[in-house]
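The structure that follows is given in the form of structure tokens.
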Amino acid sequence: MRTKIVAGNWKMNKTLQETVTLINDLKNTVKPDNNVEIIVAPPYVNLVEAVNLLKDLPIKVSAQNMHFADNGAYTGEISAVMLKAIGVRTVILGHSERRAYFNETDEVLQKKAHKAYEKSMTNIFCVGEKLEEREAEKHFDVVKSQLSNTLFQLPMEAYKKIVIAYEPVWAIGTGHTATPEQAQEMHKFIRDTLAKKYGRDLADTVRILYGGSVKPGNAAEIFLKPDVDGGLIGGASLNAEDFNAIVEAAKS
Ligand code: PGA
């Protein structure tokens, strides 16, 4: 039995004051229980405050990215060591916006994934195809190669702290969510690919989240699919009521 996860990726949204407001709204709205793990990922500068505000609640705080080195001459970057020092033990890696706008390649992401493993951080690792790749029916090949070049370089043990997020690029922020069937088809493919590489027992334990225009109105039907273990939520995570509705959908 895999516990579902609902993770909110705030992206480059919310000032410090707005972060305090949203977290207080979440505290008043969301009812954490054992059926769903809840994670929020505010921008770096708001992480300390988020950790502080959520310290007594089972809502985890995640970073949206990190560098693969521990420290050094990497202007503008943040390391796993720094995140752990403020109590952040989860990181989103390989988001398609990082890949597209900041040129993150599989090679770089492999190093980041390795660092997350080395530092025992939970790694929410994103994969997903672009629209033209789906139209050319290359979506399975694209996702398989993203996995082979990155996570599949890691030992079995690393999967205790790996969560995979399938995020078709054409569904992110567009309002065009994948159908529950499209999500299930890819999630099953990812799980079967994991099983071929590491064995069925391991594959059955890895949580695979769907991301891309998940909203209160469509979350339940997507989460009902057998290989969908929750969601990585962008836009709808910026509003406590919407986020809570998605958390509730994951409980049922
Ligand atoms: P969206 O973003 O829910 O706004 O489509 C999802 C994501 O990028 O993680």
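As the structure lists them, so they are numbered: ligands from 1, and atoms in each ligand from 1. If you read the sequence from its start, that first residue is 1, and numbering goes on from there.
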>> Under a 3.5 Å distance rule, please check whether Arg2 uses its side chain to pair with a backbone N or O of Asp204 as donor and acceptor.
In response: yes
> Taking atom CD1 of Ile233 and atom CD1 of Ile246, what is their separation to the nearest 0.5 Å?
Replying inline: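 Between Ile233 CD1 and Ile246 CD1, I get 4.5 Å after rounding to 0.5 Å.
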> Under the criterion salt bridge (Lys or Arg N to Asp or Glu O under 4.0 Å), which of Lys111, Arg99, Arg98 is the partner of Glu104?
Replying inline: Arg98
> Short list, please: which atoms of ligand 1 are under 4.0 Å from a heavy atom of Leu232?
Replying inline: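 Reading through ligand 1 atom by atom, the close ones are 6 (C), 9 (O).
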> Looking only at side chains, do Asn65 and Lys112 share a donor and an acceptor under 3.5 Å apart?
Replying inline: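 Short answer, yes.
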>> Tell me the protein heavy atom at minimum distance from atom 3 (O) of ligand 1, and give that distance in Å.
In response: Gly234 N, 2.9 Å
> Heavy-atom contact under 4.0 Å between Gly211 and ligand 1?
Replying inline: no
> For the residue pair Met121 and Val91, what are the closest heavy atoms and their distance?
Replying inline: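 Smallest interatomic distance, heavy atoms only, reads CE-CB, 4.2 Å.
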Can you list, pair by pair, the side-chain donor-acceptor contacts under 3.5 Å of residues 163-176, counting residues two or more places apart and other chains?
residue, atom, partner, partner atom, Å
Tyr166, OH, Glu129, OE1, 2.8
Tyr166, OH, Glu129, OE2, 2.9
Tyr166, OH, Arg134, NH2, 3.2
Glu167, OE1, His95, NE2, 3.1
Trp170, NE1, Glu129, OE2, 2.8
Thr174, OG1, Trp170, O, 2.8
Thr174, OG1, Ala171, O, 3.4
Thr174, OG1, His176, N, 3.1

> In ligand 1, which numbered atoms sit nearer than 4.0 Å to a non-hydrogen atom of Gly235?
Replying inline: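 With Gly235 as reference, the close atoms of ligand 1 come out as 1 (P), 3 (O), 4 (O).
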> With a 4.0 Å heavy-atom cut-off (strictly under), which part of Asn9 contacts ligand 1: side chain, backbone, both or neither?
Replying inline: side chain
> Strictly under 4.0 Å, does any heavy atom of Lys11 approach an atom of ligand 1?
Replying inline: yes
> Any N/O of Lys215 closer than 3.5 Å to an N/O of ligand 1?
Replying inline: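 N/O-N/O distance under 3.5 Å: no.
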> Is ligand 1 less than 4.0 angstrom away from at least one heavy atom of Gly173?
Replying inline: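 In this structure, Gly173 qualifies as a contact of ligand 1 - some heavy atom is under 4.0 Å.
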> Any heavy atom of Ala171 sitting closer than 4.0 Å to ligand 1?
Replying inline: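 Judged by the 4.0 Å heavy-atom criterion, Ala171 does count as contacting ligand 1.
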> Is a salt bridge present between Lys196 and Asp192, judged by a nitrogen-to-oxygen distance below 4.0 Å?
Replying inline: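 Result for this pair is no, no salt bridge flagged.
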> Which residues satisfy the ring-ring contact (aromatic ring centres under 6.0 Å, His included) test with Tyr159, sequence neighbours excluded?
Replying inline: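 Residues passing ring-ring contact (aromatic ring centres under 6.0 Å, His included) with Tyr159: Tyr198.
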> Of all the atoms in ligand 1, which lie at a distance below 4.0 Å from a heavy atom belonging to His95?
Replying inline: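 Per the distance check, 7 (C), 8 (O), 9 (O).
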> Which residue holds the protein heavy atom closest to atom 7 (C) of ligand 1, what is that atom called, and what is the gap in Å?
Replying inline: Glu167 OE2, 3.2 Å
